[in-house]
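Encoded as structure tokens, the structure appears first; notes follow it.
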2 protein chains.
Amino acid sequence: MFNRELLKGSTSLVLLQLLNERDMYGYELVKELAKRSEQSLQVKEGTLYPALHKLEKQEYIQCYWQEQEKGPARKYYKITDEGKNVLLEKTKEWQHFVQVMNKVIRRTENDSI
Amino acid sequence: MFNRELLKGSTSLVLLQLLNERDMYGYELVKELAKRSEQSLQVKEGTLYPALHKLEKQEYIQCYWQEQEKGPARKYYKITDEGKNVLLEKTKEWQHFVQVMNKVIRRTENDSI
DNA sequence: AAATATACCTTTTAATTCTAGGTAGGTGAA
DNA sequence: TTCACCTACCTAGAATTAAAAGGTATATTT
């Protein structure tokens with residue numbers, strides 16, 4: 001539980017989704033998620049960087065360095081075509097999962113499906 | 001991620017919800033979830049029994065044995081008042097989590113919240 | 001008599017996340 | 001100018017969790 005793949009996929013689902021909007025660097029992803037999610041999705045750096053490296057190894061994302069006029073250089077990540085396909089699949093899985101959870105959770109009268 | 005508490009809580013959320021409907025025994029919970037969830041929430045026995053024991057230790061559920069005319073005796077579980085409170089909290093957390101996920105996932109145009 | 005189904009359980013393995021660090025460059029205030 | 005802080009990257013280890021894989025026992029069915 002829950003569908004092991006789905007669980008495993010949840011961090012990567014979020015990361016792929018964000019990178020599908022635009023290229024971002026690690027530190028930015030952390031801040032962006034914290035901002036957007038009101039703590040519910042907050043990914044810590046110790047979670048994020050290994051997760052990014054795994055996605056990179058799977059070739060769902062690619063990275064490139066970008067020097068900054070101010071501050072340290074940034075390692076930007078970009079979603080690949082394969083990454084986009086995976087994102088689609090994972091999004092469907094997520095939606096199905098939510099449907100099922102809601103069936104189980106919101107039940108009050110009827111007892112079998 | 002996800003909100004560590006939420007992740008941890010997801011199995012117990014489902015179990016508490018089922019036991020809030022009626023008293024059930026372990027084997028029944030496994031079968032019931034498999035039936036209801038179309039495989040998405042299928043909890044395996046190796047997951048279920050430890051989870052039940054933990055909930056019992058936390059005093060969110062209580063158990064009692066019931067001899068059967070046919071077949072092995074069953075250990076029924078019943079949700080406690082404390083368990084019902086926890087269930088309410090966890091349900092709210094889950095709903096909040098889904099909202100936030102949907103904000104992140106369903107985004108296509110607007111880019112900041 | 002053997003296979004199957006019910007019903008309970010635990011140990012080990014695998015995966016994931018967090019904690020708690022570490023490095024380094026740049027900025028701003030005292 | 002020195003010290004604190006922020007940006008930005010990273011990893012090792014601990015903790016948690018679920019699943020896999022096994023085990024026990026009773027009852028039914030073939």
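Quick caveat, the model's predicted, so the values are computed rather than measured. Proteins get letters first, then strands, A, B, ... in listed order; numbering begins at 1 in each.
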For atom CD of B/E45 and atom C1' of D/dG22, their distance in whole Å
12 Å

Length of the NZ-C1' vector between B/K54 and D/dT16, whole Å:
8 Å

Would a 4.5 Å heavy-atom cut-off, applied to side chains only, mark B/L18 and B/R36 as touching?
yes

Whole-Å distance between C/dT6 P and B/E69 CD?
18 Å

Taking C-beta and beyond as the side chain, do A/E32 and A/E21 meet within less than 4.5 Å on heavy atoms?
no

Classify the nucleic acid contact of A/E28 as base, sugar-phosphate or nothing, counting any heavy atom under 4.0 Å across all strands shown.
nothing

Closest approach of B/L29 and B/M24, non-hydrogen atoms and distance?
CD2-SD, 3.7 Å

Just call it for B/Q68: base, sugar-phosphate, or nothing, with non-hydrogen atoms closer than 4.0 Å on any strand.
nothing

Look at the side-chain N and O atoms of B/Y27 and state whether any lies under 4.0 Å from the OP1 or OP2 oxygen of C/dT6.
yes

Rounded distance in Å - OH (B/Y49) to P (D/dT24):
16 Å

Could you check whether B/G71 gets within reach of a base, just the sugar-phosphate, or nothing at all, counting any heavy atom under 4.0 Å?
sugar-phosphate

If the plane angle is over 60° it's perpendicular, under 30° parallel, otherwise tilted; pick one for B/Y76 and B/Y25.
perpendicular

D/dC9 OP1/OP2 closer than 4.0 Å to side-chain N/O of A/H53:
no

